[in-house]
Amino acid sequence: MLKTESTDSSSQKGAGIGGPSFVGLSELIEEGDTVIVYVSFGSMYPIVVKRGMSITMKFGQLRHEFLIGKQWGSRVTTTAGFIHALRPTSDLWTRCLPKRTQILYTPDVSLILSLLDVRGGSVVAESGTGSGSLSHALAIGVLPDGHVYTHDIDETRTRKIEAEFKEHGLSHVTTPVVQNVCVEGFFVENSCDGVFLDVPCPWEAVENAVRALSKPRGGRLVSFSPCIEQVQRTASAMREAGFVEVECIEIVPRQLMVVDERKQSLGEFNLHGDGEECAPGKGRKRKTPCGGKDEDGGTTTIVSPSTQPTHTGYLISATMLPRL
Ligand SMILES: C[S@@+](CC[C@H](N)C(=O)[O-])C[C@H]1O[C@@H](n2cnc3c(N)ncnc32)[C@H](O)[C@@H]1O
């Protein structure tokens, strides 16, 4: 359970104004930064640091001002334990963002960035925005001077992502758009290096994606679909629209956990993916252990977590060659 509350009503001014902690590389946490409050592997909370505010969690209460001036990554004491104050990354954000829809997770997100060939300066169009999991990774990927146009038919979602981008210092590289990409197309034409689709009928948006892609540079189209019938329809639409290199990949990751036995036995970190707590001094049975001694005498063990992720969806990718 997480509770956010004000401990000082006089310092509420400016609530919600965040710093560029997603973008900057400052050493110390400042007021306005977004901090990922790491309790354990399965338990993290994003907060915007604000004097006078506090959060209440399983391990007690933490006053935001205790974070100000601390180094990123510091262990910070709460009233009933401690947390680690982590700098936000796109992966951490995906793990703890406020979910408004189904979201894309890091294994798919990382491959999407690669398939779209996202780099600093790229112009990318995305639909739908959903909870903004992929949108954050794209925005960070196109920094410092690229742009992400993220489209959704639901205005509450574009409004929410607009506020989050502002809070995270990513407004200058993003434009949320309320638009049905299957009917109205994308906000920009002849501009994009990449288009990404995560909508129920992606094949209906393929012709509009062609219009959004840059004619002289060409570009990439990637679409996420949970079932193979959608893949078939989308792949056919891509070929008919003139795309080449139409390919499909399904990512099914196998996760292995790297466990430092001493830290685990001290209860410092719970590295189990199932969110189960590790009581101090108590080990856990492992399924596939194998390990060795560290240089400093500690033991590192590689273990399989008790649950493994399975099918999320298929990624179809294709290339549009430059058109003169
Ligand atoms: C599964 S969510 C996307 C999740 C997102 N990729 C993420 O990682 O958070 C699908 C979104 O597509 C939006 N959507 C559905 N059809 C659409 C369309 N034709 N044009 C624009 N957005 C659409 C929905 O409103 C929904 O928010």
Side-chain angles (χ1 to χ4, degrees), residues 22 34 44 46 88-116 118 124-142 148-165 167-168 170 173-189 192 194-213 220-227 229-231 233-234 237-238 241 249-251 253 309 311-317:
F22 275 76
T34 298
M44 290 180 240
T89 62
S90 111
D91 174 45
L92 287 174
W93 182 248
T94 290
R95 293 193 208 191
C96 63
L97 56 75
K99 280 202 193 92
R100 307 178 275 274
T101 59
Q102 289 278 9
I103 65 164
L104 290 165
Y105 290 91
T106 299
D108 286 313
V109 167
S110 52
L111 183 60
I112 291 164
L113 262 65
S114 168
L115 291 170
L116 286 173
V118 170
V124 182
E126 178 205 20
S127 183
T129 309
S131 305
S133 168
L134 178 68
S135 319
H136 273 78
L138 291 172
I140 293 166
V142 304
V148 177
Y149 297 90
T150 182
H151 308 67
D152 206 293
I153 40 173
D154 185 332
E155 196 179 347
T156 58
R157 295 185 186 143
T158 53
R159 277 221 205 102
K160 193 77 184 96
I161 194 82
E162 191 173 15
E164 284 175 355
F165 280 148
E167 208 161 68
H168 300 158
L170 293 166
V173 287
T174 53
T175 304
V177 185
V178 191
Q179 203 150 296
N180 183 334
V181 296
C182 298
V183 178
E184 302 158 277
F186 292 86
F187 184 66
V188 283
E189 293 198 349
C192 296
V195 174
F196 177 77
L197 301 172
D198 181 2
V199 292
C201 304
W203 54 92
E204 291 178 4
V206 168
E207 285 291 350
N208 290 330
V210 175
R211 278 187 273 281
L213 288 170
R220 298 276 291 160
L221 172 60
V222 179
S223 176
F224 177 89
S225 283
C227 61
E229 291 78 8
Q230 290 191 358
V231 171
R233 289 187 77 167
T234 310
M238 284 172 165
I249 301 180
E250 178 191 10
I251 290 269
H311 172 81
T312 53
Y314 301 100
L315 287 168
I316 320 153
S317 63

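As the structure lists them, so they are numbered: ligands from 1, and atoms in each ligand from 1. Computed from heavy atoms alone, side chains included, the values below leave out hydrogens, waters and symmetry copies.
Under a 3.5 Å cut-off, the side chain of D152 and the backbone N or O of T129 do form a donor-acceptor pair. Between the S127 side chain and the L197 main chain, no donor and acceptor come within less than 3.5 Å of each other. Put simply, the side chain of Q179 gets close to the backbone of G185: a donor and an acceptor are under 3.5 Å apart. Under the 3.5 Å distance criterion, the side-chain polar atoms of E207 are left unmatched by any main-chain donor or acceptor of A241. In this structure, the side chain of T150 does not engage the main chain of P176 through any donor-acceptor pair within 3.5 Å. Formation of a donor-acceptor pair under 3.5 Å by the S133 side chain with backbone atoms of L104 is found in this model.
Under the 3.5 Å distance criterion, with hydrogens and angles disregarded, no donor-acceptor pair is assigned to the side chains of E167 and T34. In summary, the side chains of T156 and D154 do present a donor paired with an acceptor at a separation below 3.5 Å, with no hydrogens or angles considered.
Numbered from 1 in the order shown, with element, the atoms of ligand 1 that lie under 4.0 Å from a heavy atom of C182 read 19 (N). Atoms of ligand 1 found under 4.0 Å from any heavy atom of R157, numbered from 1 in the order shown, are 24 (C), 25 (O), 26 (C), 27 (O). Remark: ligand 1 atoms within the under-4.0 Å shell around heavy atoms of G132 are 9 (O). Which parts of ligand 1 touch Q179 is read off a 4.0 Å heavy-atom cut-off, strictly below it: atoms 20 (N), 21 (C). Against a heavy-atom cut-off of under 4.0 Å, Q102 is close to the following atoms of ligand 1: 1 (C), 2 (S), 4 (C). With ligand atoms numbered from 1 in the order given, ligand 1 contributes 15 (C), 16 (N) to contacts under 4.0 Å with heavy atoms of P200. Taking a cut-off of under 4.0 Å to the non-hydrogen atoms of S131, the atoms of ligand 1 that pass are 9 (O).
For E184, the CD atom counts as densely surrounded, since its 6.0 Å shell holds more than 12 non-hydrogen atoms of other residues, nucleotides or ligands.
If you look at S127 next to ligand 1, the close heavy atoms, those under 4.0 Å, all belong to the side chain. The residue A205 has no part lying near ligand 1, judged by heavy-atom distances below 4.0 Å.
Among all non-hydrogen protein atoms, the one lying nearest atom 20 (N) of ligand 1 is V181 N, 3.1 Å. From the protein, the heavy atom lying nearest to atom 22 (N) of ligand 1 is I153 N, 3.2 Å. Remark: minimum distance from atom 12 (O) of ligand 1 to any protein heavy atom is reached at G128 CA, 3.4 Å. The protein heavy-atom contact nearest to atom 19 (N) of ligand 1 is N180 OD1, 2.8 Å. The single protein non-hydrogen atom nearest to atom 10 (C) of ligand 1 is D198 O, 3.4 Å, given as residue, atom name and distance. In this structure, the protein non-hydrogen atom closest to atom 24 (C) of ligand 1 is D152 OD1, 3.5 Å.
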Please assess I316 against V231 for the test side chain to side chain contact (heavy atoms under 4.5 Å, CB included), listing each intermediate value before the final yes or no. CA-CA 7 Å; I316 320 153; V231 171; 3.9 Å; yes
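Taking all heavy atoms of D108, T129, L104 into account, the minimum distance to atom 5 (C) of ligand 1 is reached by T129. The residue among L134, T101, V177 with a heavy atom at the shortest distance from atom 2 (S) of ligand 1 is T101.
Checked against a 6.0 Å centroid threshold, the rings of H151 and F186 count as neighbours.
Between I103 and ligand 1, not a single N/O pair is under 3.5 Å apart.
In this structure, E204 falls outside the shell of residues with a heavy atom less than 4.0 angstrom from ligand 1.
Between V124 and the options L113, L138, T174, a side-chain contact (heavy atoms from CB on, under 4.5 Å) holds for only L138.
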